[in-house]
Amino acid sequence: MEAQAQGLLETEPLQGRDEDAVASADFSSMLSEEEKQELKAELVQLEDEITTLRQVLSAKERHLVEIKQKLGMNLMNELKQNFSKSWHDMQTTTAYKKTHETLSHAGQKATAAFSNVGTAISKKFGDMRSHSIGYSIRHSISMPAMRNSPTFKSFEERVETTVTSLKVFFRRRSYEEAKEE
């Protein structure tokens with residue numbers, strides 16, 4: 001019989017519908033008049049305390065606004081300060097420093113590469129001008145012929161080499177960062 005009685009007891013926590021049933025149950029008939037009076041008094045006291053706490057909180061919020069006004073702090077200033085602090089915090093992170101360093105290094109490499117390309121183009125165009133003697137490039141070489149010229153092939157190879165170097169650099173850098181994390 002005890003095994004059957006134990007099977008009737010649930011060990012699971014109350015579910016939403018169970019809580020609703022308990023909340024709607026009328027336990028007042030199980031309480032004595034004295035207990036009811038005590039609970040009513042406690043209820044009134046709790047409601048009074050809550051009202052008092054709300055009033056105190058409201059007064060403190062007003063005081064806070066007054067102090068901020070006296071200090072010249074307003075919403076816009078607070079937003080600026082929060083943004084400045086957040087920006088500073090972000091700049092001091094390891095990830096930001098690594099990214100900044102990587103991009104700076106890549107920028108330097110790209111600048112050097114473009115400088116080399118520009119120098120090569122200028123030199124090749126200078127060579128073409130010296131060979132053309134009085135003719136413009138437009139009149140002396142057609143586009144297909146120019147693409148097949150040794151000068152263009154050399155330029156194309158330098159650009160491809162530069163692009164490949166940059167790709168390898170960025171892949172290597174990404175791999176190193178992933179390893180560190």
Side-chain angles (χ1 to χ4, degrees), residues 10-20 22-23 46-47 49-130 137-138 141-181:
E10 291 186 22
T11 58
E12 299 288 320
L14 291 178
Q15 302 299 318
R17 60 181 159 71
D18 297 331
E19 290 174 357
D20 292 341
V22 169
L46 283 173
E47 288 173 344
E49 287 175 5
I50 290 171
T51 302
T52 303
L53 289 172
R54 284 186 179 143
Q55 290 170 350
V56 168
L57 179 61
S58 179
K60 292 217 179 259
E61 287 174 338
R62 281 192 304 272
H63 187 62
L64 174 76
V65 169
E66 290 171 5
I67 291 173
K68 284 183 176 182
Q69 286 175 345
K70 288 178 183 176
L71 291 173
M73 297 171 64
N74 59 23
L75 181 61
M76 187 56 80
N77 287 340
E78 286 185 52
L79 288 174
K80 285 179 187 177
Q81 288 174 349
N82 288 343
F83 180 75
S84 294
K85 184 181 182 317
S86 298
W87 179 249
H88 175 72
D89 291 348
M90 185 197 59
Q91 286 179 321
T92 58
T93 63
T94 306
Y96 177 86
K97 287 178 182 176
K98 286 180 183 177
T99 303
H100 180 64
E101 182 182 308
T102 300
L103 292 176
S104 293
H105 190 68
Q108 291 169 357
K109 290 272 189 186
T111 300
F114 287 128
S115 176
N116 289 342
V117 168
T119 303
I121 289 172
S122 297
K123 184 176 182 251
K124 295 304 177 182
F125 281 147
D127 291 348
M128 290 174 138
R129 281 193 193 120
S130 66
I137 293 174
R138 179 183 240 161
I141 294 181
S142 68
M143 193 55 124
M146 190 165 69
R147 282 191 183 132
N148 293 325
S149 72
T151 302
F152 191 84
K153 292 286 186 194
S154 172
F155 169 72
E156 190 176 30
E157 288 172 7
R158 285 185 185 193
V159 170
E160 287 176 357
T161 302
T162 302
V163 169
T164 303
S165 296
L166 287 172
K167 285 181 180 178
V168 167
F169 170 77
F170 283 117
R171 283 188 193 129
R172 194 173 295 145
R173 187 66 179 184
S174 295
Y175 175 73
E176 290 171 1
E177 288 178 359
K179 258 176 61 175
E180 289 178 7
E181 291 178 359

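Predicted, not measured: the structure shown is a model, and the values here were computed from it.
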| query | Sub-3.5 Å donor-acceptor pair from the side chain of T51 to the main-chain atoms of E47, do we have one? | reply | yes
| query | Hey, does L57 have a side-chain heavy atom less than 4.5 Å from the side chain of E61? | reply | yes
Indicate every side-chain donor-acceptor pair of residues 160-167 with a distance under 3.5 Å to a residue at least two apart or in another chain.
residue	atom	partner	partner atom	Å
T161	OG1	E157	O	2.8
T162	OG1	R158	O	2.8
T164	OG1	E160	O	2.8
S165	OG	T161	O	2.9

| note | Value for NZ (K97) from OG1 (T92), rounded to nearest 0.5 Å, stands at 6.5 Å
| Going by heavy atoms in the side chains, are H105 and Q108 under 4.5 Å from each other? | yes
| said: Quick one, R54 with S58, criterion side-chain hydrogen bond (donor to acceptor under 3.5 Å, both in side chains). Give me CA distance, side-chain angles, the key distance, then yes/no. | reply: CA-CA 6 Å; R54 284 186 179 143; S58 179; over 6 Å; no
Distance-only donor-acceptor pairs under 3.5 Å for side chains of residues 82-90, two or more places apart:
residue	atom	partner	partner atom	Å
N82	ND2	E78	O	3.4
S84	OG	K80	O	3.0
K85	NZ	D89	OD2	3.0
S86	OG	N82	O	2.9
W87	NE1	Q91	OE1	3.4

| request: Test I67 against every option in Q69, K70, H63 by the side chain to side chain contact (heavy atoms under 4.5 Å, CB included) rule and name the one that passes. | output: H63
